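First the structure, in the form of structure tokens, and then the observations on it.
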Amino acid sequence: VQLQASGGGLVQAGDSLRLSCAASGRTFSGGSVGWFRQAPGKEREFVSGIRWSDSNTRYADSVKGRFTISRDNAKNTVGLQMNSLKPEDTAVYYCAATFRGMIYSSWFQERLYSYWGQGTQVTVSS
């Protein structure tokens with residue numbers, strides 16, 4: 001499975017961006033897709049995830065109410081709509097996939113994701 005993340009850019013605080021994660025080689029069916037981000041000088045952290053079987057979603061507290069994750073079965077893509085962006089959202093965003101149906105704290109465990117995209121830069125200016 002190859003993952004391609006896209007949609008990053010430079011925006012101002014309060015603006016919106018939509019990231020997309022496209023998979024090739026295999027569908028997401030039966031598994032889960034997550035978005036992580038890594039800001040300069042910080043560890044990579046979980047942002048959001050979606051379980052393919054039932055569209056169950058999970059969000060980090062820092063993005064709840066502002067970010068929305070969704071899937072497109074036909075295109076085999078996962079989107080991350082990011083609204084009300086803040087400077088602290090500045091980071092490289094990565095999509096990751098696993099054939100597991102993630103539950104509870106497993107969402108946050110990077111080691112459980114087998115496939116990773118290359119990352120897309122999101123910069124939010126104040």
Side-chain angles (χ1 to χ4, degrees):
V1 178
Q2 290 79 45
L3 302 178
Q4 179 75 33
S6 62
L10 171 63
V11 296
Q12 293 185 335
D15 286 350
S16 299
L17 273 178
R18 181 175 178 81
L19 305 184
S20 182
C21 179
S24 60
R26 186 167 174 174
T27 66
F28 293 129
S29 179
S32 306
V33 175
W35 284 97
F36 289 76
R37 67 186 182 187
Q38 187 167 23
K42 295 186 178 181
E43 294 187 352
R44 191 158 55 186
E45 63 176 0
F46 173 82
V47 175
S48 181
I50 187 165
R51 191 166 61 212
W52 211 258
S53 62
D54 59 2
S55 293
N56 178 268
T57 59
R58 186 71 183 263
Y59 296 93
D61 289 344
S62 60
V63 306
K64 280 182 182 177
R66 300 188 298 122
F67 291 12
T68 303
I69 191 170
S70 61
R71 70 179 196 189
D72 185 323
N73 288 353
K75 296 181 179 179
N76 203 34
T77 59
V78 172
L80 184 68
Q81 179 67 40
M82 307 186 295
N83 298 330
S84 301
L85 283 162
K86 304 176 181 180
E88 50 263 45
D89 294 319
T90 294
V92 177
Y93 283 71
Y94 300 89
C95 62
T98 172
F99 294 126
R100 299 170 179 259
M102 297 299 224
I103 59 172
Y104 305 125
S105 63
S106 65
W107 287 106
F108 299 88
Q109 299 182 45
E110 293 185 35
R111 63 180 179 85
L112 298 181
Y113 295 83
S114 301
Y115 307 96
W116 290 80
Q118 84 290 1
T120 184
Q121 176 71 47
V122 172
T123 303
V124 184
S125 63
S126 58

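Bear in mind that the values here come from a model prediction, so they are computed numbers and not experimental data. As a basis for the values below, the full set of heavy atoms in this structure was taken, side chains included, without hydrogen atoms, waters or symmetry mates.
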Determine the minimum heavy-atom distance between [X] and [Y], stating which atoms define it.
X: Val92; Y: Gly119; result: CG1-CA, 3.8 Å
X: Leu80; Y: Val47; result: CD2-CG1, 4.3 Å
X: Gly7; Y: Thr120; result: N-OG1, 4.1 Å
X: Gly8; Y: Val122; result: CA-CG2, 4.1 Å
X: Asn83; Y: Ser16; result: OD1-OG, 2.9 Å

So if I apply the ring-ring contact (aromatic ring centres under 6.0 Å, His included) rule between Phe36 and each of Trp116, Trp107, Tyr94, Tyr93, which one comes out positive?
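That would be Trp116; it is the only one of Trp116, Trp107, Tyr94, Tyr93 passing the ring-ring contact (aromatic ring centres under 6.0 Å, His included) with Phe36.
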When Phe46 is tested against each of Trp35, Phe108, Tyr59 for ring-ring contact (aromatic ring centres under 6.0 Å, His included), which residue passes?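 Only one of Trp35, Phe108, Tyr59 forms a ring-ring contact (aromatic ring centres under 6.0 Å, His included) with Phe46, namely Phe108.
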For this session: Mind running side-chain contact (heavy atoms from CB on, under 4.5 Å) on Phe67 and Leu17 for me, showing each step along the way?
Result: CA-CA 10 Å; Phe67 291 12; Leu17 273 178; over 6 Å; no
- Under the side-chain contact (heavy atoms from CB on, under 4.5 Å) criterion, do Val78 and Ile69 qualify, and how do the steps go? CA-CA 7 Å; Val78 172; Ile69 191 170; 3.7 Å; yes
Which pairs, with at least one residue in [range] and sequence neighbours excluded, count as a salt bridge (charged side-chain N to carboxylate O under 4.0 Å, His left out)?
range: residues 83-100; result: Arg37-Asp89, Arg66-Asp89
range: residues 50-62; result: Arg51-Asp54, Asp61-Lys64
range: residues 108-126; result: Arg44-Glu110

message = Let's go through Ser32 and Thr98 carefully: what are the C-alpha distance in whole Å and the side-chain angles of both, what is the deciding distance for side-chain contact (heavy atoms from CB on, under 4.5 Å) to 0.1 Å, and is it a yes or a no?
response = CA-CA 5 Å; Ser32 306; Thr98 172; 3.9 Å; yes
Exercise for the section: Look at the side chain of Ser125 and the backbone N and O of Val11, then say whether any donor-acceptor pair between them is shorter than 3.5 Å. Expected result: yes
Nearest-0.5 Å distance that lies between atom [atom1] in [X] and atom [atom2] in [Y]:
X: Thr68; Y: Arg18; atom1: OG1; atom2: CZ; value: 9.0 Å
X: Leu10; Y: Thr90; atom1: CG; atom2: OG1; value: 8.5 Å
X: Ser105; Y: Leu112; atom1: OG; atom2: CG; value: 8.5 Å

Steps toward side-chain hydrogen bond (donor to acceptor under 3.5 Å, both in side chains) verdict (Gln4, Ser6): CA-CA 7 Å; Gln4 179 75 33; Ser6 62; over 6 Å; no
**Report entry** ILVMFWY network linking Ile50 to Val1, side-chain heavy atoms under 4.5 angstrom
**Finding:** yes
Query - Full working for side-chain contact (heavy atoms from CB on, under 4.5 Å) between Gln118 and Leu3 - result: CA-CA 8 Å; Gln118 84 290 1; Leu3 302 178; over 6 Å; no
